[in-house]
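Structure, as structure tokens:
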Amino acid sequence: MKIGYPCINRTLPCRGNKTFRLASYSKDRFIDTVSNNLDCLQQILSFNLDHNILFFRISSDIIPFASHPVLSIDWNLLFNDRLQETGRFIKENNMRISMHPDQFIVLNSKRKEVVQRSIQELMYHASFLDSLGLDYSSKIQLHVGGVYGEKEKSMNRFVNNFDLLPRSVKKRLVIENDDRSYTAYDCLKISKQLHIPVLFDVLHHQINKLDESIETIFRLVAETWKNRDGIPMVDYSSQEQNEKTGKHATHINPNDFTNFLRSLNSIDMDIMLEIKDKEKSALEAVSLAKNDSRFIHIS
DNA sequence: TCACGTCAAGCAGAT
DNA sequence: ATCTGCTTGACGTGA
């Protein structure tokens, strides 16, 4: 069990997800920005290591406009040394990495252009993880996409379009239940056909589910992760009190989190905390998980 | 230095 | 029709 948080560390002064407007694109601007982002990524990972946070989601903005036609620079080549170095750091310290392409990536879209762009963007994510030299346990998590009023057909379109992806993406792609369209069961159905893992999102599941105990779901989901995929990843968040359903808590709720750990029973998972205050909650989660025999930490 | 309109991209659901 | 939320507000112009 490792604990992590996504994209941003608010304690550190740097940001690893800086970008710029398309209109301000220039080679220099791009190089400066990527340079900043990679520096910051290294700082964040060092911070995380110091605090026993061994799981981290890298922002899709780490390489801005990576899949956009405007880009004429081979970032992979240009930053090869630093990418290798950061990758070594991750591997040497037994860290886990994920990425989460944003809402514009819709592999099952009815529009060809959208599917094409989505494939390009997924290829970028895979090639970034490749450039770090990470194995296939580093995952790219994606929602199934749109429903378009006909769920079965739309799920089939996802399955068919999956075939269009290059091998490097297929090996890293995992599907995540969302809060209104596709439940964990829908994801499990797709997983059966494609043999890709299901990443379970706890809060989305509370909002969008069929009746079934959480323990059953954990078991079914965990079975979709094979050895080469690493241990299952899970997105954890709790509902912000007195706020709209689905709103992520600003800070971790210790009781809720402890109950969650208990509900996993003997199953081991890497836990991504989707909580507003990021590393602050992660630090608290680490201290709550410390006595758990599954928890991995640096002495 | 600060306010605030806008930003590559999709979709669903609320208003 | 338009707005909001999504994993994360941040960029950048104009005053």
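What you see is a predicted model; the values in this text were computed from it and never measured.
Comparing the P positions of dT7(C) and dC2(B) gives an interatomic distance of 32 Å, to the nearest angstrom. Remark: the separation of the P atoms in dG5(B) and dC6(C) is 22 Å, to the nearest Å. Separation of the P atoms belonging to dA9(B) and dG12(C) is 16 Å when rounded to the nearest angstrom. Remark: the separation of the P atoms in dT6(B) and dT8(C) is 24 Å, to the nearest Å. One P atom belongs to dA8(B), the other to dT13(C), and the distance between them is 12 Å to the nearest Å. Look at the C1' atom in both dA3(B) and dG5(C): the space between them is 24 Å, to the nearest Å.
Ser46(A) contributes a side-chain N or O that, together with a main-chain N or O of Gln42(A), makes up a donor-acceptor pair within less than 3.5 Å.
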Which donor-acceptor pairs under 3.5 Å do the side chains of residues 55-62 of chain A make with protein atoms, sequence neighbours left out?
| residue | atom | partner | partner atom | Å |
| --- | --- | --- | --- | --- |
| Arg57(A) | NH1 | Glu274(A) | OE2 | 3.2 |
| Arg57(A) | NH2 | Asp235(A) | OD1 | 3.4 |
| Arg57(A) | NH2 | Asp235(A) | OD2 | 3.4 |
| Arg57(A) | NH2 | Glu274(A) | OE2 | 2.8 |
| Ser59(A) | OG | Asp61(A) | N | 2.9 |
| Ser60(A) | OG | His100(A) | O | 3.4 |
| Ser60(A) | OG | His125(A) | NE2 | 2.8 |

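Stem analysis of DNA chain C (at least three stacked-register Watson-Crick or G-U pairs, each with both distances under 3.5 Å) gives B:1-7 with C:9-15, B:10-15 with C:1-6.
Side-chain contact check for Asp178(A) and His204(A): no donor-acceptor pair (N or O, by modelled atom type) lies under 3.5 Å. Side-chain polar atoms of His68(A) and Gln120(A) form no donor-acceptor pair below 3.5 angstrom. The closest side-chain donor-acceptor pair between Tyr236(A) and Asp201(A), if any, does not fall under 3.5 angstrom. Side chains of Asp186(A) and Thr183(A): a donor on one and an acceptor on the other come within 3.5 Å. Asp135(A) and Ser137(A) share a donor-acceptor pair across their side chains, judged by distance under 3.5 Å alone.
Between His205(A) and Phe200(A), the ring centre distance stays below 6.0 Å.
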How does each nucleotide of nucleotides 8-14 of chain B score, in 5' to 3' order, for protein heavy atoms under 4.0 Å: base (B), sugar-phosphate only (S), or none (-)? BBBBSS-
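Annotation: side chain to side chain contact (heavy atoms under 4.5 Å, CB included) contacts of Ile190(A) (sequence neighbours excluded): Val144(A), Met155(A), Phe158(A), Val159(A), Ile175(A), Leu194(A). With sequence neighbours left out, the ring-ring contact (aromatic ring centres under 6.0 Å, His included) criterion links Phe79(A) to no other residue.
Close approach of DNA chain C to chain A, defined as any atom under 4.0 Å from a non-hydrogen atom of the protein, starts and stops at dG5(C) to dG12(C).
Salt bridge status for Arg157(A) with Glu152(A): absent, with no side-chain N to carboxylate O gap under 4.0 Å.
Residue Thr19(A) is in sugar-phosphate contact alone, with no base atom involved, counting any heavy-atom pair closer than 4.0 Å across all strands shown.
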